[in-house]
Asks: 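My questions will all concern the structure given below.
In this text the structure is predicted, and so the values were computed from the model without any measurement.
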There are 2 protein chains.
Amino acid sequence: MIEATARCLARDGLAGTSVRHVAAEAGVSPGLVRHHFEGMQDLVAETYRATGKQIAALLDEALAAAGPSAEARLHAFIETSFKPPLLDADLLAVWLAFWSLTRTDPQIHAIHAKVYAGYRRLLEEMIAALAREHGIAIETRQSALALTALLDGLWLEHCLDPKTFSAAEAAAIAHRWVDGLKKGS
Amino acid sequence: MIEATARCLARDGLAGTSVRHVAAEAGVSPGLVRHHFEGMQDLVAETYRATGKQIAALLDEALAAAGPSAEARLHAFIETSFKPPLLDADLLAVWLAFWSLTRTDPQIHAIHAKVYAGYRRLLEEMIAALAREHGIAIETRQSALALTALLDGLWLEHCLDPKTFSAAEAAAIAHRWVDGLKKGS
DNA sequence: CGCCCTATTATACGACCGTATAATTATTGC
DNA sequence: GCAATAATTATACGGTCGTATAATAGGGCG
């Protein structure tokens, strides 16, 4: 059902998605989805939770395969971020629904805060490890905030209009930023 | 009328905004707004155009007041970006509506491409001027893409959840990035 | 003044939506 | 095996939406 919600959000956006559409997409009656979920907000909230976990698992897997080096892990993180299934216009459409409700729905706001906190903590840990590896001092908090914003912005803008810059270019920009982190103060 | 649309989008989001709501907000009959606009998509498109021009004018004004130095202009750009009225959750809500329709509506996609192209061109020119000022070589295209994404990401994430990091912190991160541009390769 | 074009409204129709309620089917525990 | 509980559907009601259509008001112009 939450998979059906994700499909609906990807296809029609938040404005074009209704409880009835989700029911049809899931192949059940509208009454059933309302038996399990309060309404659209609840449905989107659970979809956010599930999607957030999926993405975290995907990134964790890529990091595990990258070995122990913080630098390699950071680059693997970037590489995974700018490749399908993460770099996907459909996923952006779903995410836009999350963002849209983050402002107004307290439940979704809480989920958003948790998802992004985990995201940033992961990056901050890797950046701190990178500093140790290279024996340099880095403002880990600000750097993690910056990298999160940079990745989010590149991801968003590429998905919105892939003609402006390629996925490879986005990854190159992020890689270069990490390289600059090693050298610059 | 497009002001009424912006207010509706800010208050209720795209999903909660209808032709009838815009009409009520503007104090006219629903038939009238449909006499001037084809529907919601058309309404949002014109709002995008108008809002984009407003923001560009606001930034231009700040740049003019910053003097001729490219470095000062870049920092003024950042400072303006992370202060009201640009740093505003209501503006983000409106912008989320734009982004949401960029994927599906060709007209809005075109407006989006034009707005962001202008945005990036402005940054790229300032970065090129900065390189000349300091007599260094900078990959202006990639740097402009990076700065655009960084600013977009910081702006988005701060508006979504201001508790995570302050506006001053966002500005500091961006300022630091520009400083790094001067030093780092 | 009278005419035409535009702006504006009023009204109406069919479609869809959220939601509630009662009925029906399946599942589980004893 | 049967009762209790959960899952699932069917149906119905009121509200809102987009949209079309006809009617009304207004304003420039010959």
Asks: Is there a donor-acceptor contact under 3.5 Å from the side chain of A:H21 to the main chain of A:G16?
Replies: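 It does hold such a pair.
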Asks: With sequence neighbours excluded, tell me which residues meet side chain to side chain donor-acceptor pair (under 3.5 Å) with B:K114.
Replies: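 In terms of side chain to side chain donor-acceptor pair (under 3.5 Å), with neighbours along the sequence ignored, B:K114 is linked to no residue.
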Asks: Side-chain donor-acceptor contacts of residues 51-66 of chain B below 3.5 Å, not counting sequence neighbours, with atom names and distances?
Replies:
from  : atom 1 : to    : atom 2 : distance (Å)
B:T51 : OG1    : B:T47 : O      : 2.6

Asks: Taking the ring of A:F77 and the ring of A:Y119, is the distance between their centroids below 6.0 Å?
Replies: yes
Asks: Measure the angle between the two terminal helix axes of the helix from C:dC1-D:dG30 to C:dC30-D:dG1, five base pairs each, and quote it to 10°.
Replies: 10°
Asks: With distance as the sole test, does B:H158 use its side chain to make a donor-acceptor pair with the main-chain N or O of B:F165 at under 3.5 Å?
Replies: yes
Asks: How would you label the contact of A:S29 with the nucleic acid (heavy atoms, under 4.0 Å): base, sugar-phosphate, or nothing?
Replies: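 Base contact - A:S29 has a heavy atom under 4.0 Å of at least one base atom.
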Asks: Side-chain atoms of residues 136-146 of chain A: list all donor-acceptor pairs with protein atoms under 3.5 Å, sequence neighbours left out, distances to 0.1 Å.
Replies:
from   : atom 1 : to     : atom 2 : distance (Å)
A:T140 : OG1    : A:E124 : OE2    : 3.4
A:R141 : NE     : B:E169 : OE2    : 2.8
A:R141 : NH2    : B:T164 : O      : 3.0
A:R141 : NH2    : B:E169 : OE1    : 2.8
A:R141 : NH2    : B:E169 : OE2    : 3.1
A:S143 : OG     : A:E139 : O      : 2.9

Asks: Tell me every residue that passes side-chain contact (heavy atoms from CB on, under 4.5 Å) with B:V94, counting only those two or more places apart in sequence or in another chain.
Replies: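 Result, side-chain contact (heavy atoms from CB on, under 4.5 Å) vs B:V94: B:L9, B:A10, B:F98.
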Asks: Do the side chain of B:T5 and the main chain of B:M1 share a donor and acceptor less than 3.5 angstrom apart?
Replies: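 Indeed, once roles are kept as given, a pair shorter than 3.5 Å links the two residues.
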Asks: May I have the list of side-chain donor-acceptor pairs in residues 150-157 of chain B shorter than 3.5 Å, sequence neighbours left out?
Replies:
from   : atom 1 : to     : atom 2 : distance (Å)
B:D152 : OD2    : B:Y116 : OH     : 3.0
B:W155 : NE1    : B:L86  : O      : 2.9
B:E157 : OE1    : A:R120 : NH2    : 2.9

Asks: According to side chain to side chain donor-acceptor pair (under 3.5 Å), who are the partners of A:R73, at least two apart in sequence or on a separate chain?
Replies: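 For A:R73, no residue satisfies side chain to side chain donor-acceptor pair (under 3.5 Å) once neighbours in sequence are set aside.
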Asks: For B:H175, what residues pass the ring pair (Phe, Tyr, Trp, His ring centres under 6.0 Å) criterion, not counting sequence neighbours?
Replies: B:H75
Asks: Can you give the first and last nucleotides of DNA chain C, 5' to 3', that have an atom under 4.0 Å from a heavy atom of chain A?
Replies: C:dC17 to C:dA20
Asks: Any salt bridge (charged side-chain N to carboxylate O under 4.0 Å, His left out) pairs touching residues 9-19 of chain B, not counting sequence neighbours?
Replies: B:R11-B:E25
Asks: What residues from residues 30-38 of chain B pass a heavy-atom cutoff of under 4.0 Å to DNA chain C?
Replies: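 B:G31, B:L32, B:H35, B:H36 - these, ordered by number, are the residues of the stretch whose heavy atoms sit under 4.0 Å from the strand.
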Asks: By a strict heavy-atom criterion of less than 4.0 Å, which residues belonging to residues 20-28 of chain B are in contact with DNA chain D?
Replies: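 Of all residues in residues 20-28 of chain B, the ones placing a heavy atom under 4.0 Å from DNA chain D are B:R20, B:H21.
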